[in-house]
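The basis for the numbers below is simple: all heavy atoms, side chains too, and nothing from hydrogens, waters or symmetry mates. By convention in this document, chain letters (A, B, ...) are assigned in the order of the sequence lines, proteins followed by strands, and residues within each chain are numbered from 1.
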Amino acid sequence: MTAVSETMHSRASRSSRLSVFSRLLGQPKGAVGLLLVAFYVLLAIFGPLLAPIDPLKQDFGATLRSPSAANWFGTDQLGRDIFSRILAGAPTSLGIGVGGVALAFAIGVPLGLAAAWRRGLFDAAVMRGVDVLLSFPDIVLALAIVAILGPSTQNVIVAVGIVAIPVFVRTTRAVALSTIAEPFIDGATALGCRPSRVVLRHVLPNMAGILVTLASLLFASTLLSASGLGFLGVGVQPPAPEWGTMLGESRAYIRTQPFLATFPGLFLAFSALGFNLLGEALRTIYDPMAAKTARRVRRVTKPAVVPADSYKAGHAPASLDALSADKLEVSYIGEKWSIAAVRGIDLRMRPGRTLAVVGESGSGKSTLLRALATLLPPGRAGVTGGHILIGNRNLADLTDAEIRDLRRREIGIVFQDAASALNPVMTIGAQLIEAVTTGTRMSHEEARRRTIELLTDVQISDPAQRLDAYPHQFSGGMKQRIVIAIALAQSPSILLADEPTSALDVTIQQQILTLLREMQHRRGMAMLLVTHDLGLVARYADDVAVMYAGQIVETGTVEAVLGNPLHPYTRALRLSTPRLRNQSGSRYLPAIAGEPPPVGAIRSGCSFASRCERRDGFELCVTDEPALRPFAGRAVACHRVEEPA
Amino acid sequence: MFMLKRLAAAAPTLLVVSILIFFFVNFIPGDPAAQLAGPNASNEDMAVIRENLGLNEPAPTRYWRFLRGVVDPSLAKSFRTGRPVALEIAERMPKTLALAFGALGLGLLLGTVSGVCCAVWQGGFFDAAVTVLSLAGISMPIYWLGLLGIWLFAVNLGWFPAAGATTPLHFVLPILVLSTRPAALFSRLVTANLLEVMGKEYLDTARSKGLSEMRVVLRHALPNSLVAAVSVAGVQFGSMLGGSVVTENVFGLPGLGRLLVQGVSSSDYPVVQYSVLMFAVFFIAINLFTDLLTQWLDPRTRGAA
């Protein structure tokens with residue numbers, strides 16, 4: 001390792017230390033924790049000096065007194081001042097915790113590092129030892145050690161220290177193993193660093209944060225075990241003041257003088273709380289896995305809808321559409337922002353026909369499907385304009401119960417990845433029966449019969465025998481068949497398929513799509529097929545809508561749009577699809593240059609302009625957004641569609 | 001089958017642990033017999049103690065005797081009271097078991113309920129209250145909580161007896177006190193895991209079936225989050241057993257924990273040895289139980305059916 005990178009390393013660690021401090025203060029847990037810890041550190045240092053009365057001075061004329069001006073916390077059974085005893089006991093009470101953790105740290109960390117570094121027999125032996133130590137409940141082990149060594153302050157530290165060793169060994173070893181696996185460690189070794197140096201300079205600093213976190217959390221529990229030994233009468237021996245021992249002595253006087261137990265307990269509890277808070281705050285900084293996810297459980301089923309126009313359900317024209325969307329706008333909503341992922345889409349789905357929605361990832365096609373499926377995550381995304389009609393009913397007007405009914409009987413959804421769409425801990429029978437019976441009054445036998453029928457429909461052999469199997473016992477293609485069966489459970493009129501085959505291999509893809517098409521024809525469903533694969537569109541869809549940056553840029557029948565694509569984006573897509581190309585084409589597939597604009601960063605003009613082959617010299621493309629207009633048997637959103645390509 | 005595998009894995013640990021406890025007296029600095037006999041013992045006394053401890057026999061014989069002492073009253077006797085240790089264990093074990101499993105069950109139940117509520121009302125008042133309570137729960141010394149409980153419920157309100165173990169009512173307060181820590185730990189685990197699970201796609205599948213959100217959470221999300229929570233919590237429940245030692249002493253409940261502490265404070269080595277052994281066995285059994293529970297909750301760990 002060069003000198004330059006070493007200075008960079010140490011500088012980085014210094015600035016990170018500063019930021020750790022400010023990040024600790026930035027969270028309530030960290031701020032309160034630091035405050036408490038600071039208070040206890042001061043108490044441990046200055047407590048004995050501040051004690052107003054000799055903590056050991058007995059006064060049999062004034063035993064078991066309640067708090068007063070002379071004795072702030074009252075007096076104990078021997079007339080000693082409790083306030084003074086708590087102050088004088090602080091160094092011992094906190095010291096046994098510090099000593100225990102320090103002992104465990106000093107033995108546990110090197111052992112863990114050595115185990116991770118040497119591996120092999122040494123590692124196995126250490127881990128076996130850890131297992132054995134962990135086979136005792138901690139205070140039982142501490143008691144056994146005290147039984148051997150005899151009760152005294154020193155021996156309590158040794159006992160609680162030994163108890164905490166396994167935790168340090170395990171954590172150090174686990175973290176060291178993952179750090180050693182990092183490439184930069186290999187680099188340092190390859191550059192000829194001695195192993196001890198690699199560990200000291202690279203492995204240890206990388207785990208310092210986690211070790212500090214662990215020490216803080218362990219300090220809280222070690223302190224409580226150590227005082228626990230005192231409480232049980234086998235820790236710090238009287239008359240020395242120690243909070244746990246004081247609590248133990250108060251046990252006999254709980255009826256006559258509860259204050260005896262109140263104050264030592266409060267001081268103990270708050271010290272443990274301080275270190276627990278600090279440890280947790282540290283953990284959110286050093287262990288990203290522990291940081292709280294921003295998710296929450298949903299309470300509303302209904303998607304958030306902001307009525308954007310004055311549409312009234314009563315005025316709806318009677319139509320044959322199974323589902324239609326008008327000027328649909330769907331946005332993701334943050335605390336102070338909202339980003340439109342679907343920007344003003346019109347589409348219709350008719351019974352017996354398949355509409356394919358095609359686009360790159362990020363085009364908004366999956367968001368569109370979720371909006372139609374009534375499955376937008378509430379609070380994070382919602383319909384912010386236009387409306388969705390299912391049959392003649394406006395989604396925005398429906399109650400939660402009506403939405404649920406819609407999901408049961410009208411809409412079926414086939415998800416992209418069947419492996420994650422099935423609940424891993426429920427049998428597929430239970431998952432199907434639930435789909436079949438929800439909202440109905442069906443007997444168990446009837447539900448079972450119907451479920452077997454469904455599984456037969458999606459061509460799963462031996463359905464009756466497989467009802468008790470779990471998802472992980474099926475192949476990917478089989479799982480997708482089960483997802484389809486769930487979607488079809490209550491004979492919906494609309495089937496929404498979100499890239500239903502992209503997680504499957506090619507031969508299975510064909511089987512699944514053929515099955516979907518067959519089911520659709522047999523049941524006369526309207527199907528929406530979201531995909532990025534034009535080859536699938538050509539083979540399985542009737543109509544197609546090409547999406548780009550949250551809008552439809554070209555839509556019409558598959559023959560019209562794929563046979564003679566007019567929008568430059570559709571054309572580029574088609575050229576990059578191998579199966580649809582002419583035989584005369586070159587052997588290389590052209591890629592579409594550039595990338596789609598990120599959601600929310602759409603400027604004025606045509607959103608495809610920056611990647612468009614035709615954009616040069618036509619100002620309208622940069623200033624005005626093209627609208628969909630009918631042209632040559634389809635609708636296209638391009639200013640220059642009339643020009644020959 | 002799984003059970004057998006887990007038992008086979010636990011057996012070596014149990015063997016090492018029991019041997020360790022068997023050699024326990026040898027860890028005592030100096031000659032164990034001299035330690036036991038005290039400073040004023042004559043050589044004859046020491047010889048008797050040696051004979052009683054079986055120190056003159058070969059180690060494997062002594063080890064076997066030691067193990068049989070768990071059930072055979074004629075083999076091991078308390079130094080302090082002279083009662084057979086096997087009898088003490090037989091009398092006290094059920095009380096400790098009732099306390100530990102009562103607290104474990106109550107803790108799991110409370111933790112699950114409050115964990116689910118916290119996840120549902122994330123960021124709300126309930127969530128904040130439980131976060132504070134659970135932090136208090138893991139920071140509060142259990143012996144102090146016990147004392148406060150006695151003061152409030154036994155001394156002031158008179159609802160429960162303060163000490164003893166003669167009626168089921170005697171167990172209510174200790175179980176309540178002992179369950180706080182597992183409840184606090186489990187509540188946080190359930191909340192964290194439930195929030196993690198809430199992003200999974202199979203919940204959208206469940207919603208797309210037209211299930212109510214309540215059913216989606218309780219039937220689909222909760223079992224999945226419990227799988228992870230239980231396997232993590234299993235390790236923590238061991239500390240609850242330690243808590244039972246303290247709790248028994250706070251409430252004067254004559255269980256194994258009380259026996260152990262009496263043994264330690266009076267240097268009653270056979271009593272210490274056997275009660276530590278029983279706790280270790282018990283602890284390993286709880287870990288086995290947790291594994292079985294995880295396996296029951298998660299079909300993927302059951303192996304190919």
Participant: Name the option with the most non-hydrogen atom pairs under 4.5 Å to chain A; the candidates are Ile284(B), Leu260(B), Val246(B), Val16(B).
Facilitator: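 Greatest number of close heavy-atom pairs with chain A: Leu260(B).
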
Participant: For Leu247(A), is it the side chain, the backbone, both, or neither that has a heavy atom closer than 4.5 Å to a heavy atom of chain B?
Facilitator: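 The answer is both parts of Leu247(A).
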
Participant: Are Ser208(B) and Phe415(A) packed together at the side-chain level, in the sense that at least one heavy-atom pair is separated by less than 4.5 angstrom?
Facilitator: yes

Participant: Taking the side chain as every heavy atom from C-beta outward, state whether Tyr143(B) and Ser227(A) have any pair of such atoms under 4.5 Å apart.
Facilitator: yes

Participant: Out of curiosity, Arg215(B) CZ to Thr438(A) OG1, how far, rounded to the nearest 0.5 Å?
Facilitator: 7.0 Å

Participant: Look only at the side chain of Arg251(A) and the backbone of Val250(B), and say whether a donor-acceptor pair between them is shorter than 3.5 Å.
Facilitator: yes

Participant: Taking only residues two or more places apart in sequence or in another chain, which ones pass side chain to side chain donor-acceptor pair (under 3.5 Å) with Glu248(B)?
Facilitator: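 Checked Glu248(B) against side chain to side chain donor-acceptor pair (under 3.5 Å); matches are Thr96(B).
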
Participant: Do you know which of Gly210(B), Gly146(B), Pro141(B) has the most heavy-atom pairs under 4.5 Å to chain A?
Facilitator: Gly210(B)

Participant: What part of Ile138(B) is in contact with chain A, defined as an atom under 4.5 angstrom from a non-hydrogen atom: side chain, backbone, both or neither?
Facilitator: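 Both the backbone and the side chain of Ile138(B) come within 4.5 Å of chain A.
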
Participant: Against chain B, label Leu134(A) side chain, backbone, both or neither, depending on which of its atoms sit under 4.5 Å from a heavy atom there.
Facilitator: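 Only the backbone of Leu134(A) comes within 4.5 Å of chain B.
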
Participant: Mind checking which of residues 220-227 of chain B sit less than 4.5 Å from chain A, heavy atom to heavy atom?
Facilitator: His220(B), Pro223(B), Asn224(B), Val227(B)

Participant: Going from CZ on Phe279(B) to CG on Leu141(A), what distance comes out if it is rounded to the nearest 0.5 angstrom?
Facilitator: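 Result: 12.5 Å between the selected atoms.
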
Participant: Who passes side chain to side chain donor-acceptor pair (under 3.5 Å) against Thr13(B), sequence neighbours left out?
Facilitator: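 Thr13(B) satisfies side chain to side chain donor-acceptor pair (under 3.5 Å) with Arg128(A) once adjacent residues are dropped.
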
Participant: Do Lys209(B) side-chain atoms and Gln431(A) backbone N/O form a donor-acceptor pair below 3.5 Å?
Facilitator: yes

Participant: Would you say that Leu273(A) contacts Leu135(B) through its side chain, given a criterion of any heavy-atom pair below 4.5 Å between the two side chains?
Facilitator: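 Yes, their side chains come closer than 4.5 Å.
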
Participant: Arg466(A): what forms a side chain to side chain donor-acceptor pair (under 3.5 Å) with it, not counting sequence neighbours?
Facilitator: none

Participant: At what distance, to the nearest 0.5 angstrom, does OG1 of Thr131(B) lie from NZ of Lys29(A)?
Facilitator: 6.5 Å

